[in-house]
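Count residues from 1 along the sequence. All values below were derived from every heavy atom in this structure, side-chain atoms included, with hydrogens, water molecules and symmetry-related copies excluded.
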Amino acid sequence: MAAQSGKKQKQKKNGAQIAAGVTRQLVIYVVSAVMLICAVLAIVYRDRLNLDALKRWVAYGSLSTDEDGQAERFSFSGGSDNAFASLDGGLLLCSSNTLQLLSRSGEEALSMEVSMKEPVISTAGDYAVVYDVGGSDLYVFHSAEQVFSYSTSGGYALLSARVNENGALVVVEQTSGYKATVTVYGSDYQPRIAINESTNFITDAVLSPDSRSVAVIEIYQDDSALGSDLVIYQVSDASVTSTTQLGEQLVLDLCWQDGRIWLEREYGVSVANSSGSILDTWADTSKYLERYSLDGDGYAVELMSKYKSGSMGELWVIDSSGQQKVSRSVSEEVLSVSAAGRYIAVLTTSSLVVYNSDLQEYASTVNTTARRVIMRSDGSAMMIGTDEAWLFVP
């Protein structure tokens, strides 16, 4: 009996071992199959299965969207001539008499009365400066909170204002006895330096990300024509560290990111290092610059056209060395171009297409009434019409 009992226990043990082995093999098979399926899906949907998709799922999971990925529309005051920017996950806008910050669902987070003829908004990270170019008033916001305001004295005009991601501010304005004055404010909004220029005109300025230097665009006139200089000043003592001649092409816009100074010009874009030396210039003087964006992560977007009116043409991406990276023809009229992070939004009369920085299509949706678009670094985009706006979430 004892022998039979031992035999039965041995059989049970062998059976359990066989069952455990089968179960283990089954688990390995299932896990391998799942991994294979995930690998295939990752290859097929590699442009969509990324960290940004997870960010959108977390941020916009409760936001109701239609079959085209468009959220419910919300109204705003003013009109299509407003200045617009993305701030604190919502839409910052300024008309001639109202400044508003609306959440992604259209709820009002901030509203104040202003008096501006030509409002402009410049943003960096969680900071934004709103000012009246040619006017006198300026406001700085950190997320939904106003942290600084400024008005010029003596009826002189503001020419430019920009913040960096630390909240430091540079302001270009007309002042008595000078062609222009550049004032740099720290993140506590106390003035650090004031650069008074009595010889050349100053049109724009931008702070380095670490707030130690400021790049200034100066316009001079010689016997034959107007020319531009890129001048780098040290914020610590207002000393000039470099002056770079840019030639006759005017500088339309500029930004400073990751050790590069980007200068948008009449026929293309120039890229300089932090010392002010031009690395390269991409330009096409045979075409007209229709749209552009300097807000991408390490690249610029240029829309060039053969014709002065209309926005059909060729879309170019210029890398951080100033070289053309990739291009794509656009056959429809382009209403708006915007870049953020690694994404580029191109809004036409019939659609909104989101590309990656290699101009490979990432997502798209139909367009019927939007006239402008603001790309976001997470891959979503704010579509803006005449008096309403709404979010597109791929």
Problem set entry | Backbone N/O of D68 and side chain of D66: donor-acceptor pair under 3.5 Å | yes
Exercise. Is the side chain of S187 donor-acceptor paired with the backbone N or O of G167 at a distance under 3.5 Å, no angle test?
Worked result: no
Exercise. Does a salt bridge link E197 with K179, judged by any charged N lying under 4.0 Å from a carboxylate O?
Worked result: no
For this session: Would you check if there is a donor-acceptor pair between the side chains of S380 and Y60 at a distance under 3.5 Å?
Result: yes
Exercise. Salt-bridged, D253 to R265, with N to O below 4.0 Å?
Worked result: no
Exercise. What heavy-atom pair brings A215 and I232 nearest, and what distance separates the two atoms?
Worked result: CB-CD1, 3.6 Å
Problem set entry | side-chain hydrogen bond (donor to acceptor under 3.5 Å, both in side chains) between S151 and D137, worked out | CA-CA 5 Å; S151 294; D137 295 329; 2.7 Å; yes
For this session: Count the heavy atoms belonging to other residues, nucleotides or ligands that lie under 6.0 Å from CD of E108, then report whether that count exceeds 12.
Result: yes
For this session: Assign the ring pair H142 / Y127 to parallel, tilted or perpendicular, where the plane angle (0 to 90°) is split at 30° and 60°.
Result: parallel
Exercise. So F76 and F84, would you call those rings parallel, tilted or perpendicular, with 30° and 60° as cut-offs?
Worked result: perpendicular
Problem set entry | Cationic N near anionic O, under 4.0 Å, R260 to D319 | no
Exercise. Under the 3.5 angstrom rule, does the side chain of D378 hit a backbone N or O of R56 as a donor-acceptor pair?
Worked result: no
Problem set entry | Q324/W316 under side-chain hydrogen bond (donor to acceptor under 3.5 Å, both in side chains): CA gap, chis, key distance, verdict | CA-CA 7 Å; Q324 56 191 41; W316 285 91; over 6 Å; no
Exercise. Of the options T183, L138, L207, V184, which is the one that meets L169 in a side chain to side chain contact (heavy atoms under 4.5 Å, CB included)?
Worked result: L138
Problem set entry | Centroid-centroid distance, Y362 to Y343, less than 6.0 Å | yes
For this session: Mark yes when over 12 heavy atoms from residues, nucleotides or ligands other than Y178 sit less than 6.0 Å from its OH; otherwise mark no.
Result: no
Exercise. Do the side chain of N82 and the main chain of S77 share a donor and acceptor less than 3.5 angstrom apart?
Worked result: yes
Exercise. Is V170 reachable from I195 through a run of I, L, V, M, F, W or Y residues, each pair having side-chain heavy atoms under 4.5 Å apart?
Worked result: yes
Exercise. Which pair of heavy atoms, one from Q249 and one from Y267, lies closest together, and at what distance?
Worked result: OE1-N, 3.3 Å
For this session: Flag the pair F201 / Y220 as yes when their ring centroid distance falls below 6.0 Å, and as no otherwise.
Result: no
